[in-house]
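Some notes on the structure that comes next.
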Amino acid sequence: MRAALVVCPASGLGTAARVAGTVSATLRDSVDHLDQYVPTSVDETVAVMRRLVADGVEAVVVLGGDGAAHAGVQACAGTTTALAIVPAGTGNDLARALDLPKDPIEAAAQVGAALAAGHKRSVDLGKVDNGAWFATVLCAGFDSAVNERVNRLRWPRGPRRYDVAIVAELAALKSSRLVVRTESETLELDANSIAIGNTRYYGGGIPVCPDADPADGWFDVTVVGKAHRRDLVRILPSLRTGSHVDHPAVTTLRAKSITIDSDGGWIAYADGERIRELPLDVRCVPGALSVVAGQRA
(Lines give C-alpha, C1' and ligand atoms only; values in the text may rest on other atoms or scores of the structure.)
Protein backbone atom coordinates (compact mmCIF):
# COMPACT_ATOMS: atom_id res chain seq x y z
CA MET A 1 0.00 0.00 0.00
CA ARG A 2 1.43 3.35 -1.12
CA ALA A 3 -0.28 6.28 0.56
CA ALA A 4 0.28 10.01 1.04
CA LEU A 5 -0.61 12.21 3.99
CA VAL A 6 -1.54 15.80 3.13
CA VAL A 7 -1.52 18.03 6.22
CA CYS A 8 -3.46 21.31 6.19
CA PRO A 9 -1.81 22.88 9.25
CA ALA A 10 -4.23 25.77 9.80
CA SER A 11 -7.28 23.51 10.06
CA GLY A 12 -9.09 23.59 13.38
CA LEU A 13 -7.17 26.69 14.52
CA GLY A 14 -3.92 24.71 14.32
CA THR A 15 -5.23 21.32 15.47
CA ALA A 16 -3.95 19.63 12.30
CA ALA A 17 -0.42 20.93 12.86
CA ARG A 18 -0.41 19.81 16.50
CA VAL A 19 -1.41 16.20 15.76
CA ALA A 20 0.38 15.73 12.43
CA GLY A 21 3.36 13.87 13.91
CA THR A 22 1.22 11.35 15.79
CA VAL A 23 -1.11 10.85 12.82
CA SER A 24 1.85 10.27 10.52
CA ALA A 25 3.41 7.73 12.90
CA THR A 26 0.08 5.90 13.24
CA LEU A 27 -0.34 5.61 9.49
CA ARG A 28 3.25 4.52 8.89
CA ASP A 29 2.61 1.45 11.03
CA SER A 30 -0.16 0.41 8.62
CA VAL A 31 1.12 1.08 5.09
CA ASP A 32 4.17 0.06 3.11
CA HIS A 33 5.11 3.59 2.06
CA LEU A 34 3.88 6.98 3.26
CA ASP A 35 4.90 10.36 1.87
CA GLN A 36 3.92 13.50 3.77
CA TYR A 37 3.10 16.93 2.34
CA VAL A 38 2.37 20.23 4.09
CA PRO A 39 1.02 22.69 1.47
CA THR A 40 0.77 26.34 2.46
CA SER A 41 -2.27 27.46 0.45
CA VAL A 42 -5.55 26.15 -0.95
CA ASP A 43 -4.21 26.22 -4.51
CA GLU A 44 -1.08 24.32 -3.47
CA THR A 45 -3.19 21.77 -1.59
CA VAL A 46 -5.25 21.00 -4.69
CA ALA A 47 -2.14 20.91 -6.90
CA VAL A 48 -0.33 18.49 -4.57
CA MET A 49 -3.28 16.12 -4.42
CA ARG A 50 -3.85 16.19 -8.17
CA ARG A 51 -0.18 15.38 -8.70
CA LEU A 52 -0.38 12.47 -6.26
CA VAL A 53 -3.40 11.04 -8.07
CA ALA A 54 -1.67 11.44 -11.44
CA ASP A 55 1.36 9.59 -10.01
CA GLY A 56 -0.85 6.66 -9.08
CA VAL A 57 -0.82 6.83 -5.28
CA GLU A 58 -3.33 4.33 -3.88
CA ALA A 59 -4.73 6.54 -1.12
CA VAL A 60 -4.61 10.23 -0.25
CA VAL A 61 -5.12 10.84 3.47
CA VAL A 62 -6.19 14.40 4.27
CA LEU A 63 -5.54 15.75 7.76
CA GLY A 64 -7.76 18.81 8.02
CA GLY A 65 -11.34 20.11 7.94
CA ASP A 66 -14.10 20.18 5.38
CA GLY A 67 -12.26 22.65 3.14
CA ALA A 68 -9.33 20.24 2.90
CA ALA A 69 -11.71 17.33 2.34
CA HIS A 70 -13.42 19.27 -0.48
CA ALA A 71 -10.03 19.76 -2.14
CA GLY A 72 -9.38 16.03 -1.82
CA VAL A 73 -12.73 15.29 -3.48
CA GLN A 74 -11.77 17.44 -6.49
CA ALA A 75 -8.53 15.49 -6.90
CA CYS A 76 -9.82 11.94 -6.31
CA ALA A 77 -13.28 12.04 -7.93
CA GLY A 78 -13.58 9.68 -10.87
CA THR A 79 -10.22 8.03 -10.21
CA THR A 80 -9.04 4.80 -8.56
CA THR A 81 -7.24 6.73 -5.79
CA ALA A 82 -9.08 6.43 -2.48
CA LEU A 83 -9.68 9.47 -0.27
CA ALA A 84 -9.32 9.14 3.49
CA ILE A 85 -10.14 11.87 6.00
CA VAL A 86 -8.53 12.38 9.39
CA PRO A 87 -10.77 15.12 10.86
CA ALA A 88 -9.00 18.12 12.36
CA GLY A 89 -11.28 21.01 11.42
CA THR A 90 -14.27 22.83 12.88
CA GLY A 91 -17.13 21.09 11.08
CA ASN A 92 -15.76 17.73 9.88
CA ASP A 93 -19.02 16.89 8.11
CA LEU A 94 -17.58 14.49 5.53
CA ALA A 95 -15.69 12.57 8.21
CA ARG A 96 -18.91 12.39 10.23
CA ALA A 97 -20.81 11.03 7.21
CA LEU A 98 -18.13 8.33 6.86
CA ASP A 99 -18.58 7.31 10.51
CA LEU A 100 -15.06 8.30 11.51
CA PRO A 101 -14.33 9.25 15.14
CA LYS A 102 -14.14 12.93 16.08
CA ASP A 103 -10.69 12.45 17.62
CA PRO A 104 -8.05 12.65 14.87
CA ILE A 105 -5.75 10.09 16.52
CA GLU A 106 -8.58 7.56 16.81
CA ALA A 107 -9.61 8.33 13.24
CA ALA A 108 -6.03 7.83 12.01
CA ALA A 109 -5.93 4.42 13.70
CA GLN A 110 -9.17 3.38 11.95
CA VAL A 111 -7.98 4.73 8.60
CA GLY A 112 -4.66 2.92 9.01
CA ALA A 113 -6.36 -0.38 9.85
CA ALA A 114 -8.68 -0.03 6.85
CA LEU A 115 -5.78 0.75 4.52
CA ALA A 116 -3.81 -2.24 5.81
CA ALA A 117 -6.79 -4.51 5.21
CA GLY A 118 -7.59 -2.98 1.81
CA HIS A 119 -11.05 -1.90 2.95
CA LYS A 120 -12.45 0.79 0.66
CA ARG A 121 -15.91 1.56 -0.68
CA SER A 122 -17.51 3.77 -3.30
CA VAL A 123 -19.82 6.69 -2.56
CA ASP A 124 -21.83 9.05 -4.73
CA LEU A 125 -20.85 12.67 -5.39
CA GLY A 126 -22.71 15.73 -6.53
CA LYS A 127 -21.43 17.52 -9.62
CA VAL A 128 -22.22 21.13 -10.48
CA ASP A 129 -22.47 21.65 -14.25
CA ASN A 130 -19.21 23.32 -15.34
CA GLY A 131 -18.18 23.42 -11.69
CA ALA A 132 -17.01 21.53 -8.64
CA TRP A 133 -17.72 18.11 -7.21
CA PHE A 134 -19.21 17.99 -3.73
CA ALA A 135 -19.52 15.19 -1.20
CA THR A 136 -21.88 16.53 1.48
CA VAL A 137 -24.47 19.30 0.93
CA LEU A 138 -25.00 22.11 -1.56
CA CYS A 139 -27.07 24.94 -0.10
CA ALA A 140 -28.37 28.34 -1.16
CA GLY A 141 -30.46 31.07 0.44
CA PHE A 142 -30.35 31.72 4.18
CA ASP A 143 -27.69 29.05 4.79
CA SER A 144 -25.32 30.34 2.14
CA ALA A 145 -25.92 33.93 3.27
CA VAL A 146 -24.68 32.86 6.70
CA ASN A 147 -21.58 31.40 5.05
CA GLU A 148 -21.01 34.61 3.11
CA ARG A 149 -21.21 36.66 6.32
CA VAL A 150 -18.96 34.25 8.22
CA ASN A 151 -16.28 34.68 5.55
CA ARG A 152 -16.44 38.46 6.00
CA LEU A 153 -16.20 38.37 9.79
CA ARG A 154 -12.83 38.66 11.51
CA TRP A 155 -14.23 38.20 15.00
CA PRO A 156 -15.01 36.03 16.87
CA ARG A 157 -12.89 33.07 15.83
CA GLY A 158 -14.13 29.50 15.58
CA PRO A 159 -17.75 28.29 15.69
CA ARG A 160 -18.97 31.45 17.46
CA ARG A 161 -18.68 33.29 14.16
CA TYR A 162 -21.59 31.20 12.88
CA ASP A 163 -23.75 32.25 15.83
CA VAL A 164 -23.05 35.92 15.13
CA ALA A 165 -23.71 35.45 11.40
CA ILE A 166 -27.02 33.64 12.01
CA VAL A 167 -28.32 36.45 14.23
CA ALA A 168 -27.30 39.06 11.65
CA GLU A 169 -28.91 37.17 8.76
CA LEU A 170 -32.11 36.61 10.72
CA ALA A 171 -32.37 40.38 11.14
CA ALA A 172 -32.01 40.79 7.36
CA LEU A 173 -34.23 37.81 6.46
CA LYS A 174 -36.01 38.09 3.14
CA SER A 175 -37.58 35.30 1.10
CA SER A 176 -37.11 35.00 -2.66
CA ARG A 177 -38.83 33.22 -5.51
CA LEU A 178 -37.22 29.80 -5.94
CA VAL A 179 -37.68 27.43 -8.87
CA VAL A 180 -36.64 23.79 -8.44
CA ARG A 181 -36.76 21.44 -11.43
CA THR A 182 -35.98 17.74 -11.15
CA GLU A 183 -36.30 14.88 -13.62
CA SER A 184 -39.85 14.29 -12.39
CA GLU A 185 -41.32 17.54 -11.00
CA THR A 186 -41.14 21.33 -10.82
CA LEU A 187 -41.50 23.26 -7.59
CA GLU A 188 -41.96 27.04 -7.61
CA LEU A 189 -42.45 28.95 -4.36
CA ASP A 190 -41.30 31.80 -2.15
CA ALA A 191 -38.52 30.31 -0.05
CA ASN A 192 -35.80 31.06 2.47
CA SER A 193 -33.35 28.26 1.64
CA ILE A 194 -32.64 25.02 -0.18
CA ALA A 195 -30.24 22.20 0.71
CA ILE A 196 -29.30 19.43 -1.74
CA GLY A 197 -27.86 16.57 0.28
CA ASN A 198 -25.62 13.77 -0.87
CA THR A 199 -25.01 13.13 2.83
CA ARG A 200 -27.01 14.20 5.89
CA TYR A 201 -24.82 16.84 7.46
CA TYR A 202 -23.65 20.41 7.04
CA GLY A 203 -22.60 23.21 9.38
CA GLY A 204 -20.74 20.97 11.83
CA GLY A 205 -23.18 18.11 12.30
CA ILE A 206 -26.59 19.57 11.41
CA PRO A 207 -28.66 16.80 9.71
CA VAL A 208 -30.33 19.14 7.21
CA CYS A 209 -31.17 16.18 4.94
CA PRO A 210 -31.67 13.56 7.66
CA ASP A 211 -32.37 10.59 5.37
CA ALA A 212 -29.65 11.22 2.78
CA ASP A 213 -27.58 8.16 1.83
CA PRO A 214 -24.34 8.72 -0.15
CA ALA A 215 -24.58 5.31 -1.79
CA ASP A 216 -28.14 5.25 -3.18
CA GLY A 217 -27.70 7.33 -6.33
CA TRP A 218 -30.12 10.05 -5.16
CA PHE A 219 -30.05 13.51 -3.64
CA ASP A 220 -32.30 14.31 -0.70
CA VAL A 221 -33.55 17.91 -0.99
CA THR A 222 -34.82 20.13 1.84
CA VAL A 223 -36.58 23.39 1.00
CA VAL A 224 -37.58 25.92 3.66
CA GLY A 225 -40.46 27.95 2.25
CA LYS A 226 -41.42 31.51 3.07
CA ALA A 227 -41.40 31.92 6.83
CA HIS A 228 -41.37 34.83 9.25
CA ARG A 229 -38.17 35.15 11.24
CA ARG A 230 -39.96 34.01 14.40
CA ASP A 231 -40.94 30.81 12.57
CA LEU A 232 -37.37 30.32 11.38
CA VAL A 233 -36.15 30.79 14.95
CA ARG A 234 -38.47 27.92 15.92
CA ILE A 235 -37.20 25.75 13.05
CA LEU A 236 -33.50 26.28 13.75
CA PRO A 237 -33.31 24.24 17.01
CA SER A 238 -35.09 21.30 15.36
CA LEU A 239 -32.33 21.15 12.74
CA ARG A 240 -30.10 19.49 15.31
CA THR A 241 -32.47 16.53 15.56
CA GLY A 242 -33.66 16.38 11.95
CA SER A 243 -37.26 17.03 13.01
CA HIS A 244 -37.35 20.28 11.00
CA VAL A 245 -38.63 18.25 8.04
CA ASP A 246 -41.97 17.92 9.87
CA HIS A 247 -42.54 21.70 9.94
CA PRO A 248 -45.30 22.93 7.58
CA ALA A 249 -42.89 25.39 5.95
CA VAL A 250 -40.48 22.61 4.94
CA THR A 251 -40.76 20.59 1.72
CA THR A 252 -38.62 17.54 0.98
CA LEU A 253 -38.07 15.66 -2.26
CA ARG A 254 -35.60 13.32 -3.93
CA ALA A 255 -33.83 13.76 -7.25
CA LYS A 256 -31.00 12.43 -9.39
CA SER A 257 -30.60 15.74 -11.21
CA ILE A 258 -31.82 19.18 -10.25
CA THR A 259 -31.86 22.74 -11.55
CA ILE A 260 -32.31 25.59 -9.08
CA ASP A 261 -32.87 29.29 -9.78
CA SER A 262 -33.91 32.28 -7.70
CA ASP A 263 -34.66 35.95 -8.21
CA GLY A 264 -32.85 36.84 -4.98
CA GLY A 265 -29.23 36.67 -6.16
CA TRP A 266 -28.62 33.57 -4.05
CA ILE A 267 -25.05 32.24 -3.83
CA ALA A 268 -24.56 28.47 -3.66
CA TYR A 269 -22.13 26.85 -1.24
CA ALA A 270 -21.13 23.18 -1.38
CA ASP A 271 -19.07 21.36 1.28
CA GLY A 272 -18.89 24.80 2.91
CA GLU A 273 -17.08 26.27 -0.11
CA ARG A 274 -18.40 29.09 -2.30
CA ILE A 275 -19.57 27.91 -5.72
CA ARG A 276 -21.36 30.71 -7.61
CA GLU A 277 -24.65 32.54 -8.01
CA LEU A 278 -27.77 30.65 -9.08
CA PRO A 279 -28.96 29.28 -11.49
CA LEU A 280 -27.21 25.93 -11.12
CA ASP A 281 -27.60 22.50 -12.68
CA VAL A 282 -26.54 19.68 -10.34
CA ARG A 283 -26.49 15.92 -10.81
CA CYS A 284 -25.76 12.95 -8.59
CA VAL A 285 -22.96 10.73 -9.91
CA PRO A 286 -23.21 7.23 -8.39
CA GLY A 287 -20.00 5.66 -7.09
CA ALA A 288 -17.83 8.58 -8.19
CA LEU A 289 -15.45 8.47 -5.21
CA SER A 290 -13.52 5.69 -3.50
CA VAL A 291 -13.25 6.34 0.25
CA VAL A 292 -11.77 4.84 3.37
CA ALA A 293 -14.61 4.85 5.88
CA GLY A 294 -15.06 4.21 9.60
CA GLN A 295 -15.86 0.91 11.24
CA ARG A 296 -19.64 1.46 11.25
CA ALA A 297 -19.88 2.50 7.57
Side-chain angles (χ1 to χ4, degrees), residues 66 70 73-74 77 93-94 97 124-151 166 169 172-203 206-214 216-227 231-232 235-236 239 242 244-245 247-286 288:
D66 284 319
H70 181 74
V73 168
Q74 308 315 303
D93 285 314
L94 181 54
D124 308 335
L125 290 177
K127 182 69 169 67
V128 178
D129 189 35
N130 295 318
W133 297 91
F134 66 95
T136 57
V137 176
L138 182 147
C139 65
F142 178 81
D143 307 318
S144 57
V146 169
N147 271 308
E148 288 275 280
R149 190 174 290 271
V150 164
N151 290 338
I166 286 171
E169 287 303 321
L173 183 67
K174 182 180 179 182
S175 61
S176 297
R177 198 66 180 168
L178 174 69
V179 179
V180 181
R181 294 187 178 91
T182 75
E183 65 275 6
S184 60
E185 61 185 298
T186 297
L187 182 67
E188 186 170 354
L189 75 168
D190 289 334
N192 289 114
S193 68
I194 182 170
I196 301 171
N198 182 54
T199 62
R200 299 177 182 180
Y201 305 106
Y202 76 170
I206 296 172
V208 66
C209 299
D211 296 321
D213 179 350
D216 66 356
W218 291 81
F219 290 131
D220 280 36
V221 184
T222 300
V223 180
V224 179
K226 184 177 182 179
D231 296 315
L232 200 55
I235 293 172
L236 286 173
L239 278 167
H244 60 285
V245 296
H247 193 280
V250 176
T251 300
T252 61
L253 58 147
R254 306 188 79 216
K256 294 183 177 182
S257 62
I258 185 167
T259 298
I260 54 175
D261 197 3
S262 168
D263 63 6
W266 286 5
I267 304 294
Y269 273 69
D271 294 343
E273 301 296 308
R274 196 180 201 271
I275 304 300
R276 63 175 185 262
E277 187 173 335
L278 272 54
L280 287 181
D281 294 316
V282 187
R283 59 190 171 93
C284 181
V285 184

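Start at 1 with the first residue, then count along the sequence. Atom set for the values below is all heavy atoms of this structure, side chains included, hydrogens, waters and symmetry mates excluded.
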Inset, instruction - Taking the side chain as every heavy atom from C-beta outward, state whether Asp213 and Asp211 have any atom pair closer than 4.5 Å. - result: no
Legend entry - Spacing of NE2 belonging to His247 relative to OG1 belonging to Thr222, to within rounding of 0.5 Å: 14.0 Å
Legend entry - Main-chain N/O of Val179 paired to Asp261 side chain as donor or acceptor, under 3.5 Å: no
Inset, instruction - Kindly compute the distance separating SG (Cys139) from CD1 (Ile267), expressed to the nearest 0.5 Å. - result: 11.5 Å
Legend entry - Verdict with reasoning, Leu187 to Leu253, per side chain to side chain contact (heavy atoms under 4.5 Å, CB included): CA-CA 10 Å; Leu187 182 67; Leu253 58 147; 4.3 Å; yes
Legend entry - Rounded distance [0.5 Å steps], OH in Tyr269 versus CZ in Arg274: 5.5 Å
Inset, instruction - List the steps and the verdict of salt bridge (Lys or Arg N to Asp or Glu O under 4.0 Å) for Asp216 and Arg254. - result: CA-CA 11 Å; Asp216 66 356; Arg254 306 188 79 216; 2.5 Å; yes
Inset, instruction - For the pair Asp263 and Arg177, find out whether any cationic side-chain nitrogen is under 4.0 Å from an anionic carboxylate oxygen. - result: no
Inset, instruction - For residues Asn198 and Val137, determine if any side-chain heavy atom of one lies less than 4.5 Å from a side-chain heavy atom of the other. - result: no
Inset, instruction - Any chance you could lay out the side chain to side chain contact (heavy atoms under 4.5 Å, CB included) test for Leu94 and Asp271, step after step, and finish with the verdict? - result: CA-CA 8 Å; Leu94 181 54; Asp271 294 343; over 6 Å; no
Legend entry - Side-chain heavy-atom pair Val282, Leu138 within 4.5 angstrom cut-off: yes
Inset, instruction - Output yes when a side-chain donor or acceptor of Asp220 lies under 3.5 Å from a complementary backbone atom of Cys209, and no otherwise. - result: no
Inset, instruction - For the residue pair Trp266 and Ile194, establish whether any side-chain heavy-atom pair is separated by less than 4.5 Å. - result: yes
Legend entry - Which atom of Arg200 lies closest to which atom of Ala212, heavy atoms considered: CG-O, 3.5 Å
Inset, instruction - Grab the two heavy atoms, one from Asp124 and one from Trp218, that are nearest each other, plus how far apart they are. - result: OD2-N, 4.2 Å
Legend entry - Any Pro286 side-chain heavy atom under 4.5 Å of Lys256 side chain: no
Legend entry - Side-chain donor/acceptor of Glu183 to backbone N/O of Ser257, under 3.5 Å: yes
Legend entry - Note: Asp281-Arg181 ion pair, threshold 4.0 Å (strictly below): no
Legend entry - Atom pair CZ/CD1 of Phe134 and Ile275 - distance to nearest 0.5 Å: 8.5 Å
Inset, instruction - Rounded to the nearest 0.5 Å, what's the gap from OG on Ser144 to CD on Glu277? Could you check? - result: 10.5 Å
Legend entry - Gap separating the CZ atom of Phe142 from the OG atom of Ser175, nearest 0.5 angstrom: 13.0 Å
Inset, instruction - Given side chain to side chain contact (heavy atoms under 4.5 Å, CB included), test Val223 with Thr252 step by step and report yes or no. - result: CA-CA 6 Å; Val223 180; Thr252 61; over 6 Å; no
Inset, instruction - Answer whether the closest heavy-atom distance between the side chains of Trp133 and Val73 falls below 4.5 Å. - result: yes
Legend entry - Considering all heavy atoms, the nearest Pro207-His244 contact: O-CE1, 3.2 Å
Inset, instruction - Taking the side chain as every heavy atom from C-beta outward, state whether Ile260 and Leu278 have any pair of such atoms under 4.5 Å apart. - result: yes
Inset, instruction - Please tell me if the side chains of Val245 and Thr251 come closer than 4.5 Å, counting only heavy atoms from C-beta onward. - result: no
